[in-house]
Amino acid sequence: MANRDRLPGTDGKGRYIGRFLIYLTLAVFAIWYLAPLYVVVSTSFKDLAEIRGGALLSLPHEFNVSAWHKAWSQACIGVECTGLKPYFINSISMSVPAVLISTFLGSITGYALTKYRFRGANIIFSLMLFGCFIPFQVVILPMAQTLGMLGIANTVNGLILVHVVYGLGFTTLFFRNYYVSIPDDLVKAATIDGAGFFRIYWRIMLPLSPPIIVVTIIWQFTQIWNDFLFGASFTTGGAQPLTVALNNLINTTTGVKHYNIDMAAALIAAAPTLFVYIVAGRYFVRGLTAGSVKG
Amino acid sequence: MATLTINNAGKKYGSVEVLNDISMELNDGELVVLLGSSGCGKSTLLNMIAGLESISSGDIRIDGEIVNDIHPKNRDIAMVFQSYALYPNMTVAKNISFGLEMRGVEKEKRDELVNSVAKMLQIDHLLNRKPAQLSGGQRQRVAMGRALVRRPKIFLFDEPLSNLDAKLRVEMRHEIKKLHTSLKATMVYVTHDQIEAMTLADRIAILKGGVVQQFATPAEIYSRPANMFVAGFVGSPSMNFLPVTVAQQGNEIGVHLAVQYQGKSENQFVPMRNNDKLSQLLGREVILGIRPEMITQLENAEKDLATLHCDVEVVEPTGADTLCIIKLAGKDSIARVSPIHACAPGESMGFALDISRACLFDPVTEELIS
Amino acid sequence: MLDRLAERLPQIVVAPSFLLILVFVYGFIIWTGYVSFTKSKMLPVYKLDGLRQYTRLFSMDRWDVAYSNLFVFASLFIIVAIIIGCLLAVLLDQHIRAEGALRTIYLYPMAISFIVTGTAWKWMLNPSLGLEAYFQSLGWESFSFNWIVDKDMSIYVVVIAAVWQASGFVMALFLSALRSVDQEIIKAAYLDGASNTRIYMGIILPSMRPVFLSAFVILSHLAIKSFDLVVALTGGGPGYASTLPANFMYEMTFRRNQIGIGAASAMMMLATVAAIMIPYLYSELRGKKNG
């Protein structure tokens, strides 16, 4: 009902009270959503003494960035006191290739499935689609064995493989749904013009794909960056991605708890995806809703 | 320039037969229209000629060579789509030259060809635009340009005008006719619009249910339709179909027509002259197919025409003519009269019947008799 | 000859992706299923052992807790997230001035990892330094909110954090559906004299049945997969009071060297997901074909 002009006869006193209640409810929810972020950010700038003082919701007395510094380069994760930096790099070198490979494969598979409806294409797509929705617990064990056999257990490369494989269903789904809306006549026209499978993909389909490429890349990046299960199951020590390292840091039970460092670390882990969300929120939402409308 | 031969071609999807035993031969430089309503298989046939659909049985030849298994790009054909299918990411110039580029034509040569085609179609000022920036008529021209530039053996048109508004459609129809006259190229043109078919075609193939009903010149299809489907499909308003019995009165053979005259039902005898075979049909029930323009006002009509008087139920002025709806043989029938002679609804008037041009159909098989 | 190869290209291109899925999804499911019928402990063994792992699984209190937690967690999470998401969408649809900003605020949790969410809420709900301590220090001595360390309540803490994370997504889903409702129906209802509330309750929301279904399926899928949130928020505790099947499976497989039981529990999770997803996907794919 967007952009509907205010209809006549809906004005009056009751209207103002109603409007007030609407805004009040929306504001209360906004506070609820923002509270954890506020608490985490303000805590990360406090020093330990202030935190122990218990003023959870107050602003820090002075902005103290030392916790951020420590979280980045000094905090101990397990026995290694390197900070999050190497794990951040792990996550980057895992996400970037995994996102690019799965997006590319999804795109060309989606193209082949929609524009060349060969026998069995629908069954293949259904099987790939259901693959998106399995609980990954059911593949963890054999995956661990397979990674060992391939000699890439406990490596970033192993995680790249895992994320490519289990991201394929979604990327194919995204591209398929997008390519379905591109008229088949384009492919026919190009075929008569003399272009083959790859040329049509390269010259016609890909140039039309930037919106869905952005959606897919954002979706995949968010999924892979935020993954914890695969990281925790297939890596230990130095090969861990950032989420696993963060969890280890926070759940360390030895020594004094440095809540400010924990919070700074959590923010560091959240920063890349939050950044993407704020810069390209429109595409992010489209990915979420695209993932929900199947077929 | 080329000939196109279709021999007993058929198409099946699983067990569903879409096209059945289609045969036709196109002479060099001929424009043939495939006419039919949606689902009759005309687009499927066109796609089979293009190579976009496989051929289940029979064969298709271009210049005598069987092309069943030849890839579309090697058939030397071009196609204009209903949706135009312009590449949205490319400029008009790129759209037109894409096919040349795929065939390895050099850049300079491409530019030259694109420019000359663009000039011919009056789109040379649009060459750097993207399709989204063009109007419907301009897109249509670009789509034509894309086909023309390659100088293919055969042009295929898949309802190219149906996305245009009425006025543009007439304009583009004239363009296509002019192009065909000047290029003298072999063309296959698919449409569901009988006026397009009549105006453009050298010959028309009318399809229904995957079967060719009649393959003939527009004039023949109009005057000697092979069956009632063809007769009803072509011509606007449609042919009137009157169930009658062939009878004899005096020494004349003709039909009895029930008409409403001054509120009463009466039978009028209409003699049918110039029809020697009629005597064989004496006493048989037939369908008399008579076009609206064959029922006209008495005034200025030729002397030897049959006449009848009846009540006019509805009057529809169309401008050039006025359509009168009258009851003939119990059916609402349309007569086409000149506006100055039309009466008011409810009144009665006299009509002249040019019955010698009427057709007789078998009521069971619906085929043309004789 | 070349034409023949060109005709096969689409299949050739799809093959690698399809094979990957076939092996890494379906092959692995079969592998896990097989292992769940063996005596595997620390390493997989391949001698069949009947249903023993399943009987052991069902006799474990830990699994009982995890599986019933899943139903408590999933139903509360789904219902509350749909109610909040739906409410926010309808309210945001009332020509709200700062709609863009509010939408951004409601949805941002969806962009961050469950580990971060868990960390944040764990800190907020920390009894000695979090909200409880804060309100007490303000003079509200009796304020108490220690669910996170209460074994009967800790699963509800997981619900709160999960709703916080996902309700904005439901809002986005509903809002985009609201915006695509046929305007003419609304105008017609308005001319018929229906009030705004009636229009929403009587016409718009019922017409959004498919969106409710999508939201339900996605949220239940999220719920069954929930693993990291529990790890970061409660660690499954106190004791194992807030474990979910996903955590159970991980614990058995990687911590306790009970691969057989881990596999059996994974198969149980798969069965639960399949019971929801297969009918849904089937109807979606079929509906598309007929439509």
Side-chain angles (χ1 to χ4, degrees), chain A residues 1-2 7 22 25-26 29-30 33-34 36 39-40 51 54 56-57 105 108-109 112-113 116 118 124 126-131 133-135 137-139 141-143 165 168 196-197 222 226 228-229 233 243 246-247 250-251 259 262 266 269-270 273-274 277 281 285 288-289 292-295, chain C residues 6 9-11 13-14 17-18 20-21 24-25 28-29 31-32 88 91 93-94 102 104-106 108 111-113 115-116 119-121 124 129-131 133-134 137 169 172-173 176 179 186 190 214 218 221 224-225 227-228 231-232 246 249 253 259 263 266 269-270 273 277 281 284-285 288:
Chain A
M1 291 177 78
L7 297 166
I22 290 172
T25 317
L26 290 172
F29 273 104
Y33 284 111
L34 284 175
V39 169
V40 170
I51 292 167
L56 182 75
L57 295 182
L105 282 177
I108 196 142
T109 311
L113 286 177
Y116 299 84
F118 49 87
I124 290 181
S126 307
L127 285 173
M128 292 185 81
L129 187 58
F130 186 69
F133 294 102
I134 58 160
Q137 279 74 18
V138 86
V139 295
L141 266 172
M143 194 72 204
V165 169
L168 257 180
F197 180 85
T222 315
N226 287 341
F228 177 73
L229 179 65
S233 305
T243 45
L246 172 67
N247 188 53
I250 283 158
N251 286 327
Y259 293 108
D262 289 0
T273 49
L274 269 183
Y277 170 66
V285 176
L288 283 175
T289 43
S292 68
V293 183
K294 269 151 243 83
Chain C
L9 261 181
Q11 281 107 311
V13 164
V14 171
S17 302
F18 183 55
L20 280 178
I21 299 271
F24 284 80
V25 173
F28 282 8
I29 288 176
W31 194 98
T32 304
L88 290 178
L91 293 184
D93 197 25
Q94 308 299 319
L102 285 170
T104 310
I105 291 171
Y106 296 162
Y108 86 89
I112 58 186
S113 115
I115 296 292
V116 173
T119 306
W121 280 92
M124 294 244 298
L129 291 168
L131 282 176
Y134 179 72
S137 76
F169 161 62
L173 207 60
S176 75
R179 299 270 149 100
I186 295 163
Y190 175 70
S214 297
I218 294 162
H221 175 239
I224 297 167
K225 280 187 13 179
F227 167 70
D228 12 11
V231 169
M249 186 273 167
T253 311
I259 287 185
M269 290 178 66
L270 178 69
V273 172
M277 292 309 295
L281 290 182
E284 284 276 318
L285 287 172
K288 201 72 173 189

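All values below come from the heavy atoms of this structure, side chains included, with hydrogens, waters and symmetry mates left out. A, B, ... follow the sequence lines: proteins, then strands. Residue 1 opens every chain.
- For I112(C), the parts sitting under 4.5 Å from any heavy atom of chain A are the backbone and the side chain alike.
- Contact record, A112(A) with P10(C): CB-O, 3.8 Å, taken as the closest heavy-atom pair.
- The two residues M128(A) and S17(C) make their nearest non-hydrogen contact at CE-CB, 4.0 Å.
- Interface residue F130(A): backbone and side-chain heavy atoms are both found under 4.5 Å from chain C.
- Taking all atoms of both residues into account, the shortest heavy-atom contact from A246(C) to Q137(A) is CB-NE2, 3.2 Å.
- Residue contact with chain C, scored on non-hydrogen atoms closer than 4.5 Å, involves the backbone and the side chain of T243(A) alike.
- No other option in W31(C), W121(C), F28(C), F227(C) has as many heavy-atom pairs under 4.5 Å with chain A as F28(C).
- Contacts between Y259(A) and chain C at a heavy-atom distance below 4.5 Å involve the side chain alone, from C-beta outward.
- Most heavy-atom pairs under 4.5 Å with chain C: of the set L113(A), L229(A), L105(A), this distinction falls to L229(A).
- When atom types are taken as modelled, the side chain of N226(A) and the backbone of A111(C) share a donor-acceptor pair closer than 3.5 angstrom.
- To the nearest 0.5 Å, atom OG1 of residue T104(C) and atom OH of residue Y277(A) are 5.0 Å apart.
- Contact annotation for M269(C): both backbone and side-chain heavy atoms come within less than 4.5 Å of a heavy atom of chain A.
- Atom CZ of F24(C) and atom CE of M143(A) lie 4.5 Å apart (nearest 0.5 Å).
- Here I115(C) is the residue among I115(C), I259(C), V273(C) with the most heavy-atom pairs under 4.5 Å with chain A.
- Looking only at heavy-atom pairs under 4.5 Å with chain C, the residue among L127(A), I108(A), L168(A), T25(A) that has the most is L127(A).
- In terms of non-hydrogen atom pairs under 4.5 Å with chain A, the most contact-rich of I29(C), L88(C), L20(C) is L88(C).
- To the nearest 0.5 Å, the span separating CD1 on I250(A) from OG1 on T119(C) amounts to 3.5 Å.
- Both the backbone and the side chain of Y108(C) have a heavy atom closer than 4.5 Å to some heavy atom of chain A.
- Here L34(A) is the residue among T222(A), L246(A), L34(A) with the most heavy-atom pairs under 4.5 Å with chain C.
- The candidate with the highest count of non-hydrogen atom pairs below 4.5 Å against chain C, out of I124(A), D262(A), I134(A), is I124(A).
- In this structure, the side chains of V13(C) and Y116(A) stay at 4.5 Å or more apart for every pair of heavy atoms.
- Of the atoms belonging to T253(C), it is side-chain heavy atoms, and not backbone ones, that fall under 4.5 Å from chain A.
- Between Y106(C) and Y33(A), the two ring planes are tilted [angle within 30° to 60°].
- Heavy-atom distances place the side chain of L102(C), and not its backbone, under 4.5 Å from chain A.
- With respect to chain C, the highest number of heavy-atom pairs below 4.5 Å among V165(A), T273(A), T109(A), L26(A) belongs to L26(A).
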